[in-house]
Visitor: 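I have a structure I would like to understand better, so I am pasting it below and will then ask my questions one at a time.
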Amino acid sequence: MRAPRGTQDILPGTSEKWQFVERKLMDICHRYNYKEIRTPIFEHTELFQRGVGDTTDIVQKEMYTFEDRGGRSITLRPEGTASTVRSFVQNKLFGLPNQPTKLFYIGPMFRYERPQQGRLRQFVQFGIEALGSNDPSIDAEVMGLAMNAYEELGLKSLTLVMNSLGDKDSREAHKQALIDHFSPHREELCADCQVRLEQNPLRVLDCKKDKDHPAMADAPSILDYLNDESRSYFEKVKAHLDRMGIEYVIDPNLVRGLDYYNHTAFEIMSRAEGFGAITTLSGGGRYNGLVEDIGGPETSGIGFALSIERLLMALEAEGVVLPIEEALDCYIVSLGEKAEEASVRLTHQLRQAGVQVDKDYLQRKMKGQFKSADRLNAKYVVVLGDREIEQNAVSVKDMETGQQEELPLEEVTEFLKKQLAGGKD
Ligand code: HAM
């Protein structure tokens, strides 16, 4: 039996990297005062139809949707924003005194896409959502957090690409311009784009099939259709990024693949050689109006999400080695029946005292046990033999210096705790 296509097992040796990265991201969220939210992995299908948008590839082609035994249409979440907003509305988080509501999540998402490097059918997103603020400084905060997270993990070859999709009126004006522009070429566009042209012309700009069509090159840019308010908002966001010393490039063709965006939209790309064909590390933007669409009060929102898979790929491509400790604090070697009994007791006591410790469970000979200790990179080895037990003089060996101490069994725990806490002289 094999795992389904587009999924992967994360095994020891790699899972440490996941833990390291996830801890780092949580630590950054703590610093920026974003609190964790955990929502269900499946939701009512309607949530994503309304939230992500009926005309998006995600909803039309990529959702894992099924009917449950009660006849309800259920979907494995393809992203985290719609669920977060649903929960924000359902739990009336907008009524809490501390606003904006700043949330983060880490968890698996599911999209039925064609798997390739950096594209899976089950992947893990880390995302943040700030709900209830319409201040340009929070747009800058979200992009700043995203860039900081990558940089603190050691990535250097990053580009922040940004655009404004404007407010509703700006988008309406742009939409009409797109229809006027593409309609004469209608027959030359792919079947999907012919439908998009009617339902959501912005999506044409995002088409993978028609991206080289000559009409794409001179398609009307949203930036030429921003009204004064939208333009001023965008200018303020840019000015805040400048103040923070965060570099960015403007790409008027950046439209994002989800329907809920307006005003700020951004993606972070990797410029690392060998990163792969897909260069997008993460994406996000503003989604004023989504909370109302999901049944809540008028609330603005902005957020972004990255996948841990692509983050780890980028670290690899840039040759970043994460500082992951692979040593074991202590290994207990025992020989003889009495010694084995004492080792069971000591192992338990040490663990209760907070020391990381392991022992032999395969009745290996002394030599084999030392080999295990070596393989596990043990910092200390405690040797228990029947003689040591009889004389109550256990030997503790510092594997780094080779120094050996003899001490009474009941003092081993305190001794190791002190040594491991840096109490060596
Ligand atoms: P998205 O651009 O669809 O946006 O996904 C965000 C990130 O998730 C991508 O940049 C990529 O790192 C990762 N990702 C997406 N699909 C896959 C895949 N099949 N395999 C591996 N990684 C993938 C969203 O999902 C929005 N909810 C982001 C957001 C939050 N906007 C506002 N708040």
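Throughout, numbering of the chain's residues begins at 1 and tracks the sequence. Ligands are counted one by one from 1 in listed order, and the atoms in each one are counted from 1 as well.
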Visitor: Sort out for me which residue in Asp329, Asp358, Asp398, Asp374 forms a salt bridge (charged side-chain N to carboxylate O under 4.0 Å, His left out) with Lys379.
Guide: Asp329

Visitor: Using a strict 4.0 Å threshold on nitrogen-to-oxygen distance, state whether Glu267 and Arg256 make a salt bridge.
Guide: yes

Visitor: Considering only NZ, NE, NH1 and NH2 on the basic side and carboxylate oxygens on the acidic side, decide whether Glu46 and Arg86 come within less than 4.0 Å.
Guide: no

Visitor: Report the relative orientation of the aromatic rings in Tyr225 and His174; use parallel for angles under 30°, tilted for 30 to 60°, perpendicular for over 60°.
Guide: tilted

Visitor: For the backbone of Val59 and the side chain of Gln49, can you confirm whether one donor and one acceptor N or O come within less than 3.5 Å of each other?
Guide: no

Visitor: If you draw the axis of the six-membered ring of Tyr361, does the NZ or CZ of Lys359 fall within 45° of it and under 6.0 Å from the ring centre?
Guide: yes

Visitor: Between Lys238 and Asp242, is there a side-chain N and carboxylate O pair less than 4.0 Å apart?
Guide: no

Visitor: Within the 4.0 Å heavy-atom shell around Gly118, which atoms of ligand 1 are there?
Guide: 20 (N), 21 (C), 22 (N)

Visitor: Heavy-atom distances under 4.0 Å are what count here, so tell me which part of Gln125 touches ligand 1: side chain, backbone, both or neither.
Guide: side chain

Visitor: Give the ring-plane orientation class for Phe266 versus Phe304, where under 30° counts as parallel, over 60° as perpendicular and anything between as tilted.
Guide: tilted

Visitor: Rounded to the nearest 0.5 Å, what separation is found between the CG atom of Asp192 and the NZ atom of Lys209?
Guide: 5.0 Å

Visitor: Return the closest protein heavy atom for atom 7 (C) of ligand 1 as residue, atom name and distance.
Guide: Ala305 O, 3.4 Å

Visitor: Touching ligand 1 at all, Arg256? Heavy atoms, strictly under 4.0 Å?
Guide: yes

Visitor: Under 6.0 Å from the ring centre and within 45 degrees of the ring axis: does the NZ or CZ of Arg121 meet both conditions for the six-membered ring of Tyr112?
Guide: yes

Visitor: So which heavy atom in the protein is nearest atom 20 (N) of ligand 1, and how far is it from that ligand atom?
Guide: Leu120 N, 3.0 Å

Visitor: Which ligand 1 atoms, with their elements, are less than 4.0 angstrom from a heavy-atom of Tyr261?
Guide: 26 (C), 28 (C), 29 (C), 31 (N), 32 (C)

Visitor: Polar contacts were defined as any N/O atom of the residue lying under 3.5 Å from an N/O atom of the ligand; does this apply to Glu79 and ligand 1?
Guide: yes

Visitor: Between Tyr112, Phe304, Phe110, Phe123, which one has a non-hydrogen atom sitting closest to atom 16 (N) of ligand 1?
Guide: Phe123

Visitor: Kindly compute the distance separating CZ (Arg38) from CZ (Phe104), expressed to the nearest 0.5 Å.
Guide: 8.0 Å

Visitor: Please identify which atoms of ligand 1 are closer than 4.0 Å to at least one heavy atom of Gly283.
Guide: 10 (O), 28 (C), 29 (C)

Visitor: With heavy-atom distances below 4.0 Å as the criterion, list the atoms of ligand 1 near Ser282.
Guide: 10 (O)

Visitor: Can you list the atoms of ligand 1 that are under 4.0 Å from a heavy atom of Thr81?
Guide: 26 (C), 27 (N), 29 (C), 30 (C), 31 (N), 32 (C), 33 (N)

Visitor: With a 4.0 Å cut-off on heavy atoms, does Gly257 reach ligand 1?
Guide: no

Visitor: Got the closest protein heavy atom to atom 22 (N) of ligand 1, with its distance?
Guide: Ser307 OG, 3.0 Å

Visitor: Taking Asp259 first and then Arg203, would you say they form a salt bridge - that is, a charged N and a carboxylate O separated by under 4.0 Å?
Guide: yes

Visitor: Among all protein heavy atoms in this structure, tell me which lies nearest to atom 11 (C) of ligand 1, with the distance rounded to 0.1 Å.
Guide: Arg310 NH1, 3.4 Å

Visitor: Would you check whether Glu309 reaches within less than 4.0 Å of ligand 1, judged by its heavy atoms?
Guide: no

Visitor: Using heavy atoms and a threshold below 4.0 Å, how should the contact between Glu129 and ligand 1 be classified: side chain, backbone, both, or neither?
Guide: side chain

Visitor: Considering the heavy atoms of Gly284, write down every atom of ligand 1 situated less than 4.0 Å from one of them.
Guide: 31 (N)

Visitor: Tell me whether Asp210 is salt-bridged to Arg196, with the criterion being a basic N under 4.0 Å from an acidic carboxylate O.
Guide: no

Visitor: Provide the number and element of each atom of ligand 1 under 4.0 Å from a heavy atom of Tyr260.
Guide: 26 (C), 27 (N), 31 (N)

Visitor: I want to know if ligand 1 touches Tyr105 in the polar sense, i.e. an N/O pair below 3.5 angstrom.
Guide: no

Visitor: With a heavy-atom distance limit of 4.0 Å, tell me whether Arg119 approaches ligand 1 through its side chain, its backbone, both, or neither.
Guide: both

Visitor: Using heavy-atom distances, let me know which of Leu306, Ile302, Leu281 sits nearest atom 12 (O) of ligand 1.
Guide: Leu281

